[in-house]
Amino acid sequence: MPELPEVEVVRAGLAPAVTGARVAAVDVVDSRALTRHDAASGDFERLVTGARLEAAVRRGKFLWLPFGSDLAIVGHLGMTGQLLLRTPDHPGDDRHARIRLHLDHPEHGELRVDFVDQRTFGSLAVDRLVPTSDGEVAGFSAGITGSWARSIPSQVAHIARDPLDPAFDDEAFLAALARRASGVKRVLLDQNVVSGIGNIYADESLWAVRLHGEQPAASVSRRRARELLAAVREVLGRALAEGGTSFDEQYVNVNGASGYFAHSLNAYGRAGLPCPRCGTPMVREAFMNRSSHRCPRCQPLRRPRAPLSR
């Protein structure tokens with residue numbers, strides 16, 4: 001599933017095409033791509049047609065395109081969703097195309113954004129913007145701001161900020177870790193605590209600081225927790241610089257190009273291969289209907305010390 005680096009690459013590619021563009025027309029090819037859209041708020045096509053898009057904004061793995069006084073097109077890519085930037089004369093022969101947005105940009109002319117989704121787990125929706133709970137800018141938009149900047153789509157409001165967000169609260173994250181008895185990897189994947197990390201980047205970050213994913217979060221010292229947060233930021237930053245992680249054709253940017261961070265992975269997907277640090281064969285373990293990858297030597301599970309009896 002696309003996570004922060006992959007979605008940010010898509011956001012950055014869309015931004016020049018959508019910022020300031022007017023939606024000239026909308027083709028809803030498959031209504032299953034509107035599962036997150038509340039029909040009671042109005043017809044998606046009617047609401048979007050004629051709208052002037054203000055920016056492309058991201059929080060975690062959610063994207064939104066604000067328009068009007070308090071509305072936005074919200075995109076969630078799910079497992080296989082893609083937002084592809086097309087020229088207006090593109091044949092549109094993607095058999096998994098679900099929605100097409102025909103744009104008229106004052107500088108770039110006519111463009112088209114196709115929402116393509118093989119398994120229809122992703123969705124587009126029109127949602128109302130609500131004020132952010134902390135009063136800070138809602139998401140990353142590369143410096144483009146407007147009256148919408150401190151508002152967030154209602155269906156995204158519960159999603160925590162990501163570690164690359166300037167308004168991310170380090171102390172609140174450290175406090176959340178200290179309160180949790182569950183494994184530290186589960187906390188990293190909890191979207192109510194921190195967003196955008198995902199399974200791949202959690203494994204990479206835990207490998208970097210030699211932590212077992214099942215290590216109780218509350219047993220991780222404050223110093224180690226700070227090291228983990230720094231590692232998360234470093235891993236996400238490197239993945240973003242390399243265009244995200246691709247293992248097949250499902251994740252691509254707006255131009256159809258794959259990310260290359262898969263070639264730089266130290267832990268994820270390396271079961272049976274030598275640990276890049278110590279040479280011990282890496283292991284793969286079941287984790288929440290997914291997999292965890294770690295080095296059994298570098299990342300042992302350390303049981304918390306029992307409290308002293310009185």
Side-chain angles (χ1 to χ4, degrees), residues 1-15 17-18 23 26 28-42 44-45 47-48 51 53-67 71-85 94 96-101 113-130 132 138-141 148 151-162 164-165 189-201 236 240 244-246 250-254 259 289-290:
M1 180 177 289
E3 299 295 343
L4 184 157
E6 292 79 25
V7 178
E8 175 55 26
V9 168
V10 172
R11 187 213 65 79
L14 283 178
V18 303
V23 181
V26 180
V28 178
V29 181
D30 188 339
S31 61
R32 290 179 298 173
L34 294 175
T35 54
R36 290 176 179 266
H37 178 71
D38 182 4
S41 66
F44 178 88
E45 185 174 344
L47 289 169
V48 173
L53 306 178
E54 301 287 344
V57 193
R58 176 194 56 75
R59 177 181 286 200
K61 57 188 176 185
F62 282 86
L63 281 171
W64 65 93
L65 313 176
F67 68 91
L71 296 175
I73 301 173
V74 182
H76 188 275
L77 301 182
M79 292 183 67
T80 59
Q82 303 169 357
L83 284 167
L84 302 176
L85 189 58
D94 299 292
H96 300 302
R98 310 300 178 185
I99 297 175
R100 296 189 177 99
L101 303 178
V113 175
D114 289 357
F115 179 62
V116 178
D117 191 358
Q118 178 178 326
R119 301 181 67 181
T120 63
F121 289 159
S123 177
L124 298 185
V126 173
D127 193 16
R128 189 163 301 279
L129 296 172
V130 298
T132 54
F140 186 75
S141 58
W148 43 266
S151 298
I152 188 168
S154 64
Q155 60 184 258
V156 187
H158 68 288
I159 300 296
R161 293 184 181 274
D162 64 69
L164 300 186
D165 189 322
L189 299 184
D190 185 341
Q191 298 286 293
N192 294 308
V193 176
V194 57
S195 66
I197 297 175
N199 198 41
I200 295 173
Y201 303 117
L236 291 177
L240 181 57
T245 304
S246 297
Q250 294 307 319
Y251 163 65
V252 295
N253 65 19
V254 294
N289 296 320
R290 287 174 278 187

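All figures in this text were calculated on a predicted structure; none of them were measured in a lab.
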**Q.** Interatomic distance, His158 atom NE2 to Gln191 atom CD [nearest 0.5 angstrom]
**A.** 7.5 Å
(Q) Within this structure, what is the CZ-OG distance for the pair Arg128 and Ser151, rounded to the nearest 0.5 Å? (A) 11.5 Å
Q: For residues Leu71 and Pro66, determine if any side-chain heavy atom of one lies less than 4.5 Å from a side-chain heavy atom of the other.
A: no
Q: State, with a plain yes or no, whether a side-chain heavy atom of Val57 is found less than 4.5 Å away from one of Phe62.
A: no
Q | salt bridge (Lys or Arg N to Asp or Glu O under 4.0 Å) partners for Arg119, two or more places apart | A | none
Q. What closest approach, in Å, do Leu85 and Gly13 show between heavy atoms, and which atom pair accounts for it?
A. CD2-O, 4.3 Å
Q | 4.5 Å side-chain heavy-atom contact, Ile152 and Trp64 | A | yes
**Q.** With Ser41 via side-chain hydrogen bond (donor to acceptor under 3.5 Å, both in side chains) - residues at least two apart
**A.** none
Q | Heavy-atom donor-acceptor pair, Arg98 side chain to Gln118 backbone, under 3.5 Å | A | yes
Q. Taking atom CD1 of Ile73 and atom CG of Asp127, what is their separation to the nearest 0.5 Å?
A. 11.5 Å
**Q.** Flag side-chain contact, heavy atom, 4.5 Å: Phe140 against Leu164
**A.** no
Q. So do the side chains of Val74 and Gln155 get within less than 4.5 Å of each other, counting heavy atoms only?
A. yes
Q. Do Leu63 and Leu83 touch side chain to side chain, with heavy atoms closer than 4.5 Å?
A. yes
(Q) Testing the basics here: between Val18 and Leu53, what is the closest heavy-atom pair and its distance to 0.1 Å? (A) O-CB, 3.3 Å
Q | Any donor-acceptor N/O pair, His96 side chain to Gly81 backbone, under 3.5 Å | A | no
Q. Between Asp30 (side chain) and Arg32 (backbone), is there a donor-acceptor pair under 3.5 Å?
A. yes
Q) What are the two closest non-hydrogen atoms of Ile99 and Leu34, and how far apart are they? A) CD1-CD2, 3.5 Å
Q.
Using side-chain heavy atoms (C-beta onward) and a distance below 4.5 Å, is Pro5 in contact with Tyr201?
A. yes
**Q.** Ile197 side chain reached by Leu4 side chain, heavy atoms, under 4.5 Å
**A.** no
Q. For Ala157 and Val130, which heavy atoms make the closest approach, and how far apart are they?
A. CB-CG2, 4.4 Å
Q: Check whether any side-chain N or O of Ser123 sits under 3.5 Å from a backbone N or O of Ala33 as a donor-acceptor pair, and report yes or no.
A: yes
(Q) Treating Arg59 as the side-chain partner and Ala138 as the backbone partner, does any N or O pair qualify as donor plus acceptor under 3.5 Å? (A) yes
Q) Taking only residues two or more places apart in sequence, or in another chain, which ones meet Asp117 in a salt bridge (Lys or Arg N to Asp or Glu O under 4.0 Å)? A) none
Q: Measure the spacing between CG of Asp162 and NZ of Lys61 and express it to the nearest 0.5 Å.
A: 12.0 Å
Q: Anything under 30° is parallel, anything over 60° is perpendicular, the rest tilted; go ahead and classify Phe44 against His37.
A: perpendicular
Q) Between atom OG of Ser195 and atom CG of Asp190, what is the distance when rounded to the nearest 0.5 Å? A) 10.5 Å
Q) How far does CZ of Phe67 sit from CD of Glu54, to the nearest 0.5 angstrom? A) 10.5 Å
Q. Of all heavy-atom pairs between Leu47 and Ala51, which one has the smallest distance, and what is that distance?
A. O-CB, 4.4 Å
